[in-house]
Amino acid sequence: MYKAIQDTLTWYEEMGVDVTLEEQPINHRLKPVLMEAPKAQPKPQPQPQAIITVATPVPQDVGTPLAWIEKARKAADAANSREELRAAIEAFEGCSIKKTANNTVFSDGVPTAKVMFIGEAPGASEDVEGIPFCGMSGQLLDHALSMIHLIRKENFYITNSLFWRPPGNRRPTPEEIAMCKPFVEKHIALIKPKLIVLVGGTAVTSVLGGNQAISKIRGKFYDYTNEYLDHSIKTTAVFHPSFLLRSPGQKKEFWFDLLKVEEFLGGV
Ligand code: URA
């Protein structure tokens, strides 16, 4: 019995179910006819005549994804410093992944650095610590970057395309990426790095747009700009370290790309 429960929990975890949202499980496969019939409503009783002032109900702001993207844009527009941007992101309620996350994960490293790394989204360790890239893939990234003399506490800045962990580390949805994009754009404009390094395909989608494969984009340099910038910023992309943990055969390409980053930074 105990083993069966443990196997079920392990299976849930492998399928990405690592948070519970309700006290009781809901069986969505039950046909409506099998569900408990709604209780009969008591007949309204005649009310004594009196003058009652009823407050007008305030319409609830459920918000469509488009409305939330607009709200994110307005909030990003209004943020004039990193602290204000962080506060705006922490106050933003448009992304449902915030509800299951423990922390808003904003950034780490040196804000005045020449290079800004942008990853995908926090994972389990990042969600607990509130620091981007502090888990296994972050350790691999930090180690690789130290080989080109980039040290998090000294000379690079790091953030993500999303600020909350998607449950079970699932891939972020296009809506989630779009809602966070105004914040990412403003973040870039506030840091104004000389080089942006996009870490993995989601960061490429968030910053450069489109759905181009990381294998096609990586290792090349692009001129990036957005509505908050008055100049373009050189931008390149590398494989995500969690992909390298699964496919170590691709590390060679990753190394070549990092050498190009080193060469570029040597000239600015
Ligand atoms: N992967 C990311 O893209 N970002 C993190 O912060 C951690 C893992």
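The number of heavy atoms from other shown groups lying within 6.0 Å of CD (Glu263) does not exceed 12. Other residues, nucleotides and ligands contribute over 12 non-hydrogen atoms within 6.0 Å of the CZ atom of Arg170. Atom CE of Met147 sits in a crowded spot, with more than 12 heavy atoms from other residues, nucleotides or ligands closer than 6.0 Å.
Looking at heavy atoms from C-beta onward, Pro241 lies in side-chain contact with Val199 at the 4.5 angstrom threshold. Annotation: side chain of Phe163 is not in contact with side chain of Pro122 (no heavy-atom distance under 4.5 Å). In this structure, Lys153 and Val110 have side chains that are not in contact, with every pair of non-hydrogen atoms separated by 4.5 Å or more. With a 4.5 Å cut-off on side-chain heavy atoms, Cys95 and Cys180 count as touching. Looking only at side-chain heavy atoms (C-beta outward), Val261 and Thr236 come within less than 4.5 Å of each other. In this structure, the side chains of Trp164 and Val105 stay at 4.5 Å or more apart for every pair of heavy atoms. At a threshold of 4.5 Å between non-hydrogen side-chain atoms, the residues Val197 and Ile118 do not count as touching. For the pair Val268 and Leu195, the minimum side-chain heavy-atom distance is 4.5 Å or more.
Residues forming a ring-ring contact (aromatic ring centres under 6.0 Å, His included) with Phe183 (at least two apart in sequence, or on another chain): Phe92. The side-chain hydrogen bond (donor to acceptor under 3.5 Å, both in side chains) search around Asn211 returns none, not counting sequence neighbours. Scanning for side-chain hydrogen bond (donor to acceptor under 3.5 Å, both in side chains) contacts around Lys98 gives Glu93, with sequence neighbours left out. Remark: Ser107 engages Arg82, Tyr157 in a side-chain hydrogen bond (donor to acceptor under 3.5 Å, both in side chains) (not counting sequence neighbours). For Glu126, there are no salt bridge (charged side-chain N to carboxylate O under 4.0 Å, His left out) partners, not counting sequence neighbours. Scored by the side-chain contact (heavy atoms from CB on, under 4.5 Å) test, Ser215 finds Ala213, Phe239 as partners (sequence neighbours excluded). Applying the side-chain hydrogen bond (donor to acceptor under 3.5 Å, both in side chains) criterion to Ser242, with sequence neighbours excluded, gives His240.
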Residues 250-260 side chain polar contacts: donor-acceptor under 3.5 Å, at least two apart:
from, atom 1, to, atom 2, distance (Å)
Asp257, OD1, Arg218, NH2, 3.1
Asp257, OD2, Arg218, NE, 2.7
Lys260, NZ, Gly219, O, 2.9

Going by atom type alone, with no hydrogens or angles, which donor-acceptor pairs under 3.5 Å involve a side-chain atom of residues 223-233 and a protein atom two or more places apart or on another chain?
from, atom 1, to, atom 2, distance (Å)
Asp223, OD1, Lys234, NZ, 2.6
Asp223, OD2, Lys234, NZ, 3.3
Tyr224, OH, Asn226, ND2, 2.8
Thr225, OG1, His231, O, 3.4
Asn226, OD1, Tyr228, N, 2.8
Asn226, OD1, Leu229, N, 3.4
Asn226, ND2, Glu185, O, 3.2
Tyr228, OH, Arg73, NH1, 3.1
Tyr228, OH, Asp77, OD1, 2.5

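The minimum heavy-atom distance linking Pro182 with Ala76 is given by the pair O-CB, 3.5 Å. Smallest separation of non-hydrogen atoms from Ala124 and Asn169: N-OD1, 3.9 Å. Between Pro172 and Pro166, the closest heavy-atom pair is CG-CG, 4.4 Å.
Placement of Leu145 and Ile196 within a single hydrophobic cluster is found when ILVMFWY residues are connected by side-chain heavy-atom separations under 4.5 Å, directly or transitively. Both Val115 and Phe221 are members of a single hydrophobic cluster when ILVMFWY side chains are connected at heavy-atom separations under 4.5 Å. By the rule that hydrophobic residues join a cluster once side-chain heavy atoms approach within less than 4.5 Å of another member, Ile151 and Met116 end up as members of separate clusters.
Counting only residues at least two apart or on different chains, the side chain to side chain donor-acceptor pair (under 3.5 Å) pairs with a member in residues 189-204 are Glu120-Thr202. Residue pairs meeting the salt bridge (Lys or Arg N to Asp or Glu O under 4.0 Å) criterion with at least one partner in residues 134-147, sequence neighbours excluded, are Asp142-Arg152. The list of ring-ring contact (aromatic ring centres under 6.0 Å, His included) pairs with a residue in residues 97-132, not counting sequence neighbours, reads Phe106-His187, Phe117-Phe156.
Under 4.0 Å is where a charged nitrogen must lie from a carboxylate oxygen, and between Lys181 and Glu176 no such pair does.
For Ser247 (side chain) and Leu244 (main-chain N/O), no donor-acceptor pair under 3.5 Å exists by modelled atom type.
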